[in-house]
Amino acid sequence: MDYEKLAAAILKDVGGKENINTAWHCATRLRFKLKDEHQADTAALEELTGVITVVKSAGQYQVVIGNAVANVFEALARLAGLENEDRQKEVKETDKNIVNRFIGFISGTFTPFLGALAGAGILKGLLALFVALKWLNTTSGTYEILYAAGDGLFNFLPIFLAFTAAKRLKVNQFVAVALASALVYPTLVTIASKSQTIAFLGIPVIPTTYTSSVIPILLAVWVLSYIEPVLDRIFPEAVRNIFTPLFSLAIMVPLTMLVVGPLGSSIGNVLATAISAIYNFAPPLAGALMGAFWQVFVIFGVHWTFVPVMMNNIAKMGYDPLLPILSAAVLSQAGAALGIFLKTKDQKQKALAGSGVVTGIFGITEPIIYGLTLKLKRPFICAVIAGGVGGAIIGGFQAKASSFTLPSLLALPTYIGKGFSGVVIGIGVAFFLGALLTYFFGLRGVSQQAETNSKESEQLIAPVAGTILPLTSVADEVFASEAMGKGIAIKPDDGHVTSPVAGTVSAVYPTGHAIGLISDQGAEILIHIGIDTVKLNGKYFETKVKKDQHVNPGDELVTFAPDKIAEAGYDNTVMLIITNSKQYTVATTAETLAQDNNWLLKLQLAHN
């Protein structure tokens, strides 16, 4: 993949760097906060080689790339100047939807170090496995060093969260890190572990341990984001760089120890207790629901709200019951990809499915979801069913994760303990059931349709009722010469222009005299109403669709007044042109076919 070329194309199609407020990436997606999403050309983006799909969710414009996303983002950042922090700090949050803002904050906080978090969690799980197999002893130096490598990030998690949360909230990242460092300062940690009570200016401080915690530091940085601007306004610029951090720390550390920290810790305790109570009420039911609907949450972007909850469970209870269940949801999508790989005769689908099986096993499902299962619909439903069954099995065994990591086959060592055999059975069932259901039921008619479409014709209905004429007969040299492509002309009987195919609106001209479409099978179609009617500046035309809108055959695109256009001295002939007709052998039937399931015209589009 040419990352520079792809990044340049993406930058152009999202509206240029002037249209980008902020941009970042997760494991598979480029995530944008755009000034105006209408300036982005979604259809063009989805046509780019290297782009799987485009998703609009949680106030973000997301371009799904897959495993190469980091390389594409690096090139994009260079082209758009996204590495310029001063420009980023000038950006103000414009999304008024509080849910979108919260999800954006959580994803922006955890995404930058999610890979390191997953790697550290797997290392801890592997150490647990090695100890169980008696390959290592917990008192050995090798174990101690490797355990420090795996547990260090989790122990000092508030520091990492402070850094990324501060960047997201546009406050001084190093002041936030200094605040987090105070929470995990060894002396204070020792005092809290012994349940000793100390006082600040005579006010007792509740002994609380903040190592591995999540919610207290997020609350603290959020409060800091309101205090820091006030201090910046108070102090003159000459001393601001010193006095703002000084007073920020002097205010926030005691305030966090006295109020914010205990409040966040209490919220964490309540969440952990609530999750535990719901899970313990009916573990198989909880497993079935989470296993079935986790990938639905991923599609809408709300899965990020579970990340701090699961990490909080591990910090407060020492385990999390949800992560093992989610592995079933992930492996069910990988299984669906395997079913597609074995069944489909479409070589493009087979290639994407083959790579999807591998990425899915290792926890990356977006390429599978957006490139295959969701697009084909039935395989996604099959994966949902398989994930629910696997999740119910895991829930029934009451398995738990001892450390946070991305749910995947690699996460298995973190599930060692009670219910581990249930995890193995559950994810195995999810994977193979997903493959079997997809193979036998998920592609019913799809593979045959793909094969048929490549060999047979694509049928188009006439976009307007009237008399069909050869395109070569119209009074316009450009259209008549077929320089723009082959097609037909119609002398209209009425003023209702409808879609000739199932496809996407690729262009809507402001004057309403022309509409561009791309059929679901790839035909690029231009419907041009009249000759030189652009000079009417929209008079007598009314557009009924928007760019990027999907339409079906017969859906109304434009209404116009053919008689008024003729009275104004313009030719009102409607032209339908296949602008990429060089890729096809185009044959037209120049006659009206009545009572034929509404098919007024048939164009044979056989690939050359």
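Scope of the values below: all heavy atoms of this structure, side chains included, with no hydrogens, waters or symmetry mates.
Annotation for Ala180 and Pro158: closest pair CB-O, 3.4 Å, computed over non-hydrogen atoms. Pairing each heavy atom of Ala430 with each of Ala328, the nearest pair is CB-O, 3.3 Å. Of all the heavy atoms in Ala75 and Tyr3, the pair that sits closest is CB-O, 3.8 Å. Residue Ala336 comes nearest to Ala383 through the heavy atom pair CB-CB, 4.1 Å, listed as atom of the first residue, atom of the second, then distance. Phe32 and Ile10 get closest at one heavy-atom pair: CZ-CG2, 4.2 Å. The shortest non-hydrogen separation linking Gly121 to Ser403 is CA-OG, 3.5 Å.
Contact annotation: the side chain of Leu374 never approaches that of Ile368 to less than 4.5 Å [non-hydrogen atoms, C-beta and beyond]. Between Ile159 and Val184, some side-chain heavy-atom pair lies under the 4.5 Å cut-off. By the 4.5 Å heavy-atom criterion applied to side chains, Ile393 and Val429 are counted as neighbours. Side chains of Leu161 and Phe110 form a contact here, defined as non-hydrogen atoms less than 4.5 Å apart. Inter-residue side-chain proximity for Asp520 and His550 is flagged as met; some heavy-atom pair is nearer than 4.5 Å. Taking the side chain as every heavy atom from C-beta outward, Leu48 and Leu45 approach each other to under 4.5 Å. With contacts defined as side-chain heavy-atom distances shorter than 4.5 Å, the pair Ser213/Leu157 does not qualify. With a 4.5 Å cut-off on side-chain heavy atoms, Lys375 and Thr53 do not count as touching.
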- Hey, mind stepping through Glu4 and Leu79 against side-chain contact (heavy atoms from CB on, under 4.5 Å) and telling me if it holds? CA-CA 9 Å; Glu4 292 284 343; Leu79 292 171; 4.3 Å; yes
- Message: Let's go through Phe420 and Leu412 carefully: what are the C-alpha distance in whole Å and the side-chain angles of both, what is the deciding distance for side-chain contact (heavy atoms from CB on, under 4.5 Å) to 0.1 Å, and is it a yes or a no?
- Response: CA-CA 8 Å; Phe420 179 71; Leu412 271 178; 4.0 Å; yes
- Task: Evaluate the side-chain contact (heavy atoms from CB on, under 4.5 Å) criterion for residues Leu410 and Phe362: first the C-alpha distance (whole Å), next the side-chain angles of each, then the deciding distance (0.1 Å), finally the verdict.
- Result: CA-CA 6 Å; Leu410 287 176; Phe362 293 119; 3.6 Å; yes
- Going through the distances and angles, do Thr42 and Tyr61 end up as a side-chain contact (heavy atoms from CB on, under 4.5 Å)? CA-CA 10 Å; Thr42 301; Tyr61 192 86; 2.7 Å; yes
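The aromatic rings of Phe297 and Phe306 sit parallel, their planes meeting at an angle under 30°, below the 60° perpendicular limit. Relative ring orientation between His25 and Phe73 is described as tilted, the plane-to-plane angle lying within the 30° to 60° band. Classified by interplanar angle (parallel below 30°, tilted 30° to 60°, perpendicular above 60°), the ring pair Tyr143/Tyr147 is parallel.
Cation-pi geometry between Lys350 and Phe341 is met: under 6.0 angstrom from the ring centre, within 45 degrees of the axis. For the pair Arg29 and Trp24, the cation does not sit on the ring face, since its NZ or CZ is not both under 6.0 Å from the ring centre and inside 45° of the axis.
With rounding to the nearest 0.5 Å, the separation of CD1 in Ile267 from CD1 in Ile215 is 6.0 Å. Atom CG of Asn19 and atom NE2 of His38 lie 11.5 Å apart (nearest 0.5 Å). For the atom pair Leu169 CG and Thr109 OG1, the distance stands at 6.5 Å (nearest 0.5 Å). From Ile361, atom CD1 reaches atom OG of Ser408 across 9.5 Å, with rounding to the nearest 0.5 Å. Interatomic distance, CG of Leu11 versus CZ of Arg78, reported as 12.5 Å (0.5 Å rounding). The CG atom of Leu30 sits 8.0 Å away from the CG atom of Leu6 when rounded to the nearest 0.5 Å.
Judged purely by distance below 3.5 Å, without hydrogens or angles, the side chains of Thr365 and Gln333 never pair a donor atom with an acceptor atom. Between Ser327 and Tyr415, the side chains place a donor N or O and an acceptor N or O closer than 3.5 Å (distance only, hydrogens not considered).
Applying the side chain to side chain donor-acceptor pair (under 3.5 Å) rule to pairs touching residues 418-433 yields Gln398-Lys418, sequence neighbours excluded. The stretch residues 307-323 participates, sequence neighbours left out, in these side chain to side chain donor-acceptor pair (under 3.5 Å) pairs: Ser265-Lys316, Asn313-Asp320. Identified under the side chain to side chain donor-acceptor pair (under 3.5 Å) test for residues 120-136, with sequence neighbours left out: Lys124-Asp151.
For Phe432, the CZ atom is loosely surrounded, since the number of other residues' heavy atoms within 6.0 Å does not exceed 12.
When atom types are taken as modelled, the side chain of Ser332 and the backbone of Ala329 share a donor-acceptor pair closer than 3.5 angstrom. Proximity of a side-chain donor or acceptor of Thr273 to a complementary backbone N or O of Asn269 within less than 3.5 Å is detected.
Taking the six-membered ring wherever Trp is involved, the centroid distance between the rings of Phe154 and Phe404 does not fall below 6.0 Å.
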